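Since this is a predicted model, take the numbers as computed values, not measurements. Within every chain, numbering begins at 1; the chains are lettered A, B, ... in the order of the sequence lines, protein sequences first and strands thereafter.
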Amino acid sequence: MTTLYPRKLSGGAFEQSLKDFRSIVGDQWVLSGEEDRATYIDPYALGDGADHDCSAIIAPASTEEVQAVVRAANRHKVPLWPVGRGKNLGYGGASPAEKGDVILDLSRMNRILEVDEHHAHCLLEPGVGFFDLYYHLQEKKIPLWMSVPGNSWGSVIGNALDRGLGYTPYGDHCEQICGMEVVLPDGDIVRTGMGAQNGSKGWQHYKYGYGPGWDQMFFQSNFGIVTKAGLWLQPEPEMTARIELAFPRFDDAAWAIDILADLRRRDVIQHNIVFGSPVRAASTMSQRADWYEGEGAIPDSVSEEMMKKLGLGWWNAKINLYGHEGIVTAQVALIRKLFEPRLGRRLDFQFWRKGEPLEKSAQGVPTTMGLQCVNWYGGRGGHLSFAPVMPSDGKLALAYAKKIKAYYEEIGQDYYASFTIGRRHINNVSLILYNRDDPAMVARADRLYRHLLAEAASQGFAEYRGHISYMDAVADTFDFGGHALRRLNDKVKACLDPNAILAPGRNGIGSGSGPRAASGTGEAA
Amino acid sequence: MKRFPLAAAALLLALSACSADKGTAGKAAPAQDASPIVTATFGRASGDAGERLFGEKCAFCHVGKSTGAMMLRRRLDESQPAELHKRTDLSADYVKQVVRVGMNNMPYFNRVELPDDQLDAIAAYLARNSK
């Protein structure tokens with residue numbers, strides 16, 4: 001059986017480290033066999049995923065066990081790749097950026113430690129999933145709502161730490177984190193914000209504490225392992241309204257994004273708005289072969305058939321409104337006034353009032369329906385996202401969309417785009433769907449991603465979140481001052497984690513640092 | 001344009017339409033057009049450990065209008081329902097094999113998120129209708 005060792009560790013040294021890890025978490029919770037490692041390979045990998053294979057998995061059950069594992073990892077110079085639940089699909093799943101790292105799977109730490117109904121917050125361990133928290137709130141009839149991402153299979157805290165998004169008022173997930181408990185690379189433990197005080201009563205009430213606020217240091221980084229975090233939840237509103245807008249012409253993006261962005265900036269619309277192309281909607285309910293089996297990108301004529309059949313536009317936006325009845329009613333009137341004359345039709349909102357069945361409401365309900373899109377091309381599918389941040393300007397977005405669509409067509413990939421409209425920015429999500437077992441398609445996906453990255457950088461735009469295969473490449477585009485940010489990150493990394501045992505290479509931080517140069521492979525008896 | 005499943009168009013409507021269900025958290029038997037809330041909470045309150053674990057680990061992809069059920073509807077003939085818990089042709093060994101190694105676009109499950117004893121309970125639950 002093929003065995004993989006981290007960095008330049010010998011087989012004997014690695015086996016000794018596993019013995020130590022087993023003594024901490026128990027034999028059952030250290031996995032190193034080939035079959036177990038295979039179940040941690042990214043199911044959406046570009047290819048077979050072996051280039052991001054791990055050498056073992058450790059699954060602690062408590063903060064104390066995490067601390068002990070980190071200390072042992074320092075002794076043995078074993079790099080750890082922490083994951084909440086390992087479901088960061090589209091960004092590498094559970095797989096480490098650097099081959100051979102040991103996955104630290106925190107999914108057994110899955111306690112909902114507290115839900116404060118009155119103040120609308122909770123305290124979670126990183127293994128708590130969106131479905132777990134949703135069920136907890138439903139079962140206990142707690143009138144608090146949560147935001148959910150498009151793929152809700154993963155960890156609530158893990159998603160927030162990677163700056164994941166949802167599409168309800170608390171959808172900027174990292175903004176909802178209030179207070180964290182973090183195991184540092186030397187095994188020390190720190191609580192951020194007001195939690196730095198023993199017996200704090202304000203840990204989940206106020207984010208900043210006294211002095212510098214370190215919380216952001218632990219987002220998209222490798223400076224610590226978050227073992228608890230507070231999360232703000234949305235008090236159940238009195239009323240909601242929802243509507244789906246279909247914009248029939250491609251060029252409608254210019255005026256529609258400007259109006260929607262203004263409504264978002266003024267908090268008339270309280271959530272980030274998805275503004276997506278036809279394939280985005282069609283791929284969650286059908287396969288490409290249902291529409292077109294030709295080579296190259298789907299022609300516009302087929303997209304227009306798709307739109308006609310599914311009631312879509314070239315751009316499609318979902319808008320939800322929340323609040324007291326008077327506010328929601330006024331917001332509905334404003335949106336009707338702004339869009340009905342332009343769209344030439346009456347907008348029929350769906351309303352929900354407190355006490356009615358929640359199915360009618362605009363509540364965030366966890367779902368995995370978005371994963372259906374990986375079946376678009378058939379075969380074992382995957383998706384890769386490139387989503388640069390740009391100013392929320394309609395003309396700019398339209399010009400960019402035209403350019404990117406033309407490149408998708410040139411390379412022979414179906415154009416799948418959405419603009420996630422925030423208060424002052426938009427993320428232009430270019431999703432790349434592929435059949436991971438088709439080497440030509442995988443190579444095309446890689447070429448497309450790298451082109452999008454370079455094109456965005458040339459215009460002053462950069463990605464907000466990175467796939468494990470492109471973390472260095474994305475970090476390279478943050479190049480002010482001769483990559484001054486990378487130098488700062490690497491200095492902090494070297495100071496806190498001199499043995500580079502926490503997630504080397506995460507978001508381009510500490511790549512190639514520490515005693516690691518390459519992982520080795522060997523044959524175990 | 002090629003074929004387009006009517007079920008998919010119906011789904012688009014169902015996703016935005018309301019349901020008459022109320023207080024559905026943890027209920028075991030969804031209606032034919034189960035709402036996303038039923039899908040998200042299926043089986044959670046069940047007294048049957050297998051059904052409860054199926055609800056916790058599998059139902060969000062395999063109950064109601066869900067991604068696994070949609071993919072299976074394409075692959076299975078009409079003699080079998082697409083929702084796993086209604087199937088009558090599953091053996092426990094088959095379930096365990098698919099869960100550990102995956103199938104098509106269904107990801108594999110590791111032994112931390114789903115230890116062997118829990119998988120045994122789920123497999124027995126899904127095989128209960130098989131002859």
task = Kindly state each residue pair satisfying ring pair (Phe, Tyr, Trp, His ring centres under 6.0 Å) with at least one member in residues 49-74 of chain B, sequence neighbours excluded.
result =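 Checked against ring pair (Phe, Tyr, Trp, His ring centres under 6.0 Å) - neighbours excluded - the pairs reaching residues 49-74 of chain B are A:F131-B:F60, A:W153-B:F60, B:F42-B:F54, B:F54-B:H85, B:F54-B:Y125.
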Could you tell me whether [X] and [Y] make a salt bridge, using a distance below 4.0 angstrom between a side-chain N and a carboxylate O?
X      : Y      : value
B:R74  : A:D290 : yes
B:D120 : B:K96  : yes
A:D48  : A:R380 : no

request  = Please determine, among A:L89, A:L31, A:D132, the option with the most heavy-atom pairs under 4.5 Å with chain B.
outcome  =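 Max contact count across the listed options: A:D132.
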message = Heavy-atom pairs under 4.5 Å with chain B - which of A:V374, A:L371, A:I57 has more of them than the others?
response =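 Max contact count across the listed options: A:V374.
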Checking heavy atoms, do the side chain of [X], its backbone, both or neither come under 4.5 Å from chain B?
X      : value
A:K87  : side chain
A:R85  : neither
A:D36  : side chain
A:T367 : neither
A:Q363 : side chain

request  = Kindly compute the distance separating CE (A:M369) from OG1 (B:T39), expressed to the nearest 0.5 Å.
outcome  =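 One finds 9.0 Å between CE of A:M369 and OG1 of B:T39.
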inquiry  = Pair A:I298, A:M306 - check side-chain contact (heavy atoms from CB on, under 4.5 Å), show working.
reply    = CA-CA 11 Å; A:I298 281 186; A:M306 204 183 281; 4.1 Å; yes
